[in-house]
Asker: 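Got a structure here, written out as structure tokens. Questions coming.
We name chains A, B, ... by the order of the sequence lines, and we start the count at 1 in each one. FYI, side chains are in, hydrogens and waters are out, and symmetry mates aren't considered; it's all heavy atoms of this structure.
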There are 2 protein chains.
Amino acid sequence: MPRGPRWLYERIRSQGFKLTLPRQLILDMLNKTKHHLSADEIYIFLRRRYPQIGLTTVYRTLEMLTRLGLINKFDFGDGRSRYELKKEEHHHHLICKKCGKVIDCKEFVDEEVALIKKIEESLSKKYSFKINFHQIYFYGICKECSK
Amino acid sequence: MPRGPRWLYERIRSQGFKLTLPRQLILDMLNKTKHHLSADEIYIFLRRRYPQIGLTTVYRTLEMLTRLGLINKFDFGDGRSRYELKKEEHHHHLICKKCGKVIDCKEFVDEEVALIKKIEESLSKKYSFKINFHQIYFYGICKECSK
DNA sequence: GTAAATGCAAAGGTTTTGCACGTTA
DNA sequence: TAACGTGCAAAACCTTTGCATTTAC
């Protein structure tokens with residue numbers, strides 16, 4: 001069940017936040033892209049349609065969306081945070097150490113869910129740590145770079 | 001087989017790098033600590049014993065050690081890179097979203113290795129991506145913060 | 001002695017903050 | 001209209017770079 005921008009707008013409103021044009025534009029952009037965007041990339045792109053937008057607003061919106069749990073904030077090691085709209089599917093990242101490319105990978109052996117759950121339970125017990133999310137990073141060399 | 005600073009010194013020399021005092025101090029600090037240190041933390045600490053040390057040197061040494069594969073560079077989301085001497089044991093991290101504390105977890109069900117290997121193989125095939133390392137981050141709330 | 005490493009100062013890049021003005025509900 | 005959000009400028013950070021000096025081998 002893909003949930004479009006309308007649903008996202010409602011989430012903003014329902015949490016008591018005002019649905020402003022900058023917020024809509026940022027949400028739309030995150031919703032449409034297949035990439036992991038940085039604040040600056042969003043800012044540069046949106047300036048074409050909405051020249052008065054400020055980088056500050058982009059940062060503040062991204063922080064709000066992260067707190068609301070609508071987007072994920074990542075660090076792939078290139079010196080800036082990157083953001084991605086949360087999709088229903090649990091997925092991880094392949095990161096090329098050479099060119100920095102990031103690939104989403106959604107295909108997972110069924111056992112993953114079970115195993116991770118098991119690990120999470122055991123860690124929860126041992127450390128009294130309540131785990132609510134996990135993320136796997138695979139590092140290596142991509143197709144193009146290994147030529 | 002725990003390998004002490006002597007072994008580390010040799011690694012530096014054998015790669016053609018000079019074994020300077022700042023490098024020894026930084027290696028020793030990384031070797032002794034149980035924490036994930038930032039460049040600044042290392043700098044502040046070492047200044048007590050060696051006041052003329054520069055933050056630049058710390059950064060350059062950490063970069064060299066990372067390239068040599070002697071340390072790992074992490075980002076736990078607090079805005080600065082953190083470094084850890086590589087231990088033989090494969091381990092992951094529990095990160096508290098509230099206080100930022102990071103716990104190393106070494107205990108892993110045997111199946112993990114097998115499963116991850118399976119995933120890595122399948123991803124390698126599908127994306128022609130050569131994976132040489134993976135890292136799991138578990139996010140949640142630590143014991144103290146959940147009180 | 002020579003190349004490599006250091007430390008300082010300055011620059012670079014990302015992210016945050018203070019504040020007056022605009023906008024949403 | 002009252003609270004919230006915005007945009008600008010400046011500040012705050014972390015990290016990198018240029019360069020003259022020092023150091024390890």
Asker: Side chains of B/Met64 and B/Ile12, heavy atoms from C-beta outward: is any pair under 4.5 Å?
Answerer: yes
Asker: Does A/Arg11 make a cation-pi contact with A/Tyr9 (under 6.0 Å, within 45 degrees of the axis)?
Answerer: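 No cation-pi geometry.
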Asker: Given 3.5 Å as the limit, does a donor-acceptor pair link the side chain of B/Lys86 with the main chain of B/Asn72, or not?
Answerer: no
Asker: What heavy-atom pair brings B/Leu62 and B/Ile71 nearest, and what distance separates the two atoms?
Answerer: O-CD1, 3.5 Å
Asker: Between B/Glu41 and B/Ser38, is there a donor-acceptor pair closer than 3.5 Å when you use the side chain of the first and the backbone of the second?
Answerer: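 Yes, because the side chain of B/Glu41 sits within donor-acceptor range (under 3.5 Å) of the backbone of B/Ser38.
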Asker: Near A/Lys101 NZ, under 6.0 Å, is it more than 12 heavy atoms from other residues, nucleotides or ligands?
Answerer: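 It does: A/Lys101 NZ has more than 12 such atoms within range.
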Asker: Tell me, please, the opening and closing nucleotides of DNA chain C, 5' to 3', among those with an atom under 4.0 angstrom from a non-hydrogen atom of chain A.
Answerer: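 On DNA chain C, the outermost contacted nucleotides are C/dT14 to C/dA25.
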Asker: Just say parallel, tilted or perpendicular for the rings of A/Phe76 and A/Phe74, cut-offs at 30° and 60°.
Answerer: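 A/Phe76 vs A/Phe74 ring planes: parallel.
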Asker: Which ones in residues 66-83 of chain A lie close to DNA chain C, meaning a heavy atom under 4.0 Å from one of its atoms?
Answerer: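 Residues of residues 66-83 of chain A that come under 4.0 Å of DNA chain C are, in numerical order, A/Gly79, A/Arg80, A/Ser81.
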Asker: Which atom names give the shortest non-hydrogen contact between B/Ser124 and B/Ile131, and what distance separates them?
Answerer: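 Of all heavy-atom pairs spanning B/Ser124 and B/Ile131, the closest is OG-N, 4.0 Å.
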Asker: List in numerical order all residues of residues 36-45 of chain A for which some heavy atom is under 4.0 Å away from an atom belonging to DNA chain C.
Answerer: none
Asker: Tell me which residues in residues 48-65 of chain B lie within less than 4.0 Å of DNA chain C, going by non-hydrogen atoms.
Answerer: B/Tyr50, B/Gln52, B/Ile53, B/Gly54, B/Thr56, B/Thr57, B/Arg60
Asker: Quick one: do B/Glu10 and B/Arg13 make a salt bridge, cutoff under 4.0 Å?
Answerer: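 Looking at B/Glu10 and B/Arg13, the cut-off is met.
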Asker: Students should find this one: the first and last nucleotides of DNA chain D, 5' to 3', lying under 4.0 Å from a heavy atom of chain B. What are they?
Answerer: D/dC14 to D/dC25
Asker: Given side chains that start at C-beta, do those of A/Tyr139 and B/His134 come closer than 4.5 Å, heavy atoms only?
Answerer: no
Asker: So how far off straight is the helix from C/dG1-D/dC25 to C/dA25-D/dT1, going by the axes through five pairs at either end, to 10°?
Answerer: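 Angle reported: 40°, given to the nearest ten degrees.
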